[in-house]
Number of protein chains: 2
Amino acid sequence: MSTELPGTRPGGRTERNRVAVLTATLDVLAEQGYPGLTVDAVADRSGVHKTTLYRRWGSAEGLVAAALLFGIEHGWEVPDTGSLEGDLSAMNRELADYFTDPAKSAMPMASVAAAFQSPKAADALREYYRDRHRKGAAMTERAIARGEVPADTDPVEVMRQAAAPVFYRLFVSREPVDAAVADRAARVAVIAARAGAFRTG
Amino acid sequence: MSTELPGTRPGGRTERNRVAVLTATLDVLAEQGYPGLTVDAVADRSGVHKTTLYRRWGSAEGLVAAALLFGIEHGWEVPDTGSLEGDLSAMNRELADYFTDPAKSAMPMASVAAAFQSPKAADALREYYRDRHRKGAAMTERAIARGEVPADTDPVEVMRQAAAPVFYRLFVSREPVDAAVADRAARVAVIAARAGAFRTG
């Protein structure tokens, strides 16, 4: 998979620096969490001079934003279990797993946190979820083809609705999330979709 | 309504300082947003020495946590429109209004943001929503009494489910929120509640 940016040559110094800096950002986040992410820490870790980091990424939030978009390049395997409820449950269990495992949650947590501090990070988060919504629409499109939900069901609204209760507990009410929470939220989205709550017509 | 703390006398210096500091925290947040909230700024604004602030509240996140819990003392008027969908729509429209109006959103936004940076702020947010859930349960309890939803419907799960899609757009996908979004999320929660998705039995 290409990680090439416009105007850079793969294997060139600019591209090597970019990969080193974004990898270092992910490493620092995983080890020290978002409060420990500073431009100095990433400069030390990557071996790229901090002047370069400030010039290209501006701030710690700018680094988080770039690392998040770097993640889009690595894709997301959309669940395909044979039913809409199965697909949404799988998506939600994956979310719950990522955000509650300290080894995996640093980067996604930092992305959401940084968006409160910096419009650039908020734009990156918006772009990241736009990409996820685009990819995840396949779950509802297949359900429409199988006749599970009305033909004019909005696929993105189904995803938002299914995932939202997981995020509510993680970021708002700060309550525990487990497989039962993930599955119930998926079931609710399917009940509402069947009842026509997400029809665009 | 009493804003007395254990061990303080209303009208005493400790209590006057507390009110001055928490009011100053809210003012600084409203004017400069969460990134501008520092202990120094609150010390300047309140006239309370920053040594006192550090000793009692620890950090900017500690101030946000205390200001959030200060808000609980001021209550929340739970909607009572005569129907569950009406009540949840009113709650969601109020949420949408608070979080999208720059004059009102600084404090709630800061509360959610600070919880990513500090366990103390996360605990305060959890306590705040526990209180809201407790108060808001009345919406579903009245709906049960009216026969709108099954008698063993979990009132807190109905609230979480109704509010979650509003917060998903605000904090995760960073998409716009309006009255139509607020109303649809309320409708979905009611459809699922009627279908028995939140039964505890």
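Residue numbers start from 1 in every chain, and the chains themselves are labelled A, B, ... in the order their sequence lines are given, proteins ahead of strands. Basis for what follows: all heavy atoms, side chains included, without hydrogens, waters or symmetry-related copies.
Between A:Arg169 and B:Glu157, at least one side-chain N (NZ, or NE/NH1/NH2) sits under 4.0 Å from a carboxylate O, which counts as a salt bridge.
Contact of A:Phe116 with chain B is made through backbone and side chain together, with heavy-atom distances under 4.5 Å. Interface remark: A:Ala195 contributes side-chain atoms only to the contact with chain B (heavy atom separation under 4.5 Å). Proximity to chain A is limited to the side chain of B:Arg184, based on heavy atoms less than 4.5 angstrom apart. Neither the backbone nor the side chain of B:Tyr128 comes within less than 4.5 Å of any heavy atom in chain A.
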Output, in order, the C-alpha distance, side-chain angles, deciding distance and verdict of salt bridge (charged side-chain N to carboxylate O under 4.0 Å, His left out) for B:Arg160 and A:Glu175. CA-CA 11 Å; B:Arg160 289 189 192 101; A:Glu175 296 172 287; 2.8 Å; yes
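Between B:Ile191 and A:Ala192 the shortest heavy-atom distance is CG2-CA, 4.4 Å. Between A:Arg174 and B:Val112, the closest heavy-atom pair is NH2-O, 4.3 Å. Here the shortest heavy-atom pairing between B:Leu125 and A:Phe171 reads CD2-O, 3.5 Å.
Two residues are said to be in side-chain contact when any heavy atoms from C-beta on lie closer than 4.5 Å; B:Ser173 and A:Arg126 fail this criterion.
Judged by the 6.0 Å distance and 45° axis criteria, B:Arg132 is not positioned over the aromatic ring of A:Tyr168.
Chain B forms the most heavy-atom pairs under 4.5 Å with one residue out of A:Met109, A:Arg130, A:His133, and that residue is A:His133. The candidate with the highest count of non-hydrogen atom pairs below 4.5 Å against chain B, out of A:Val172, A:Val166, A:Asp123, is A:Val172. For the set B:Ala115, B:Ala110, B:Ala163, the count of heavy-atom pairs under 4.5 angstrom toward chain A peaks at B:Ala115.
Within a 6.0 Å sphere centred on NZ of A:Lys50, other residues, nucleotides and ligands contribute 12 heavy atoms or fewer.
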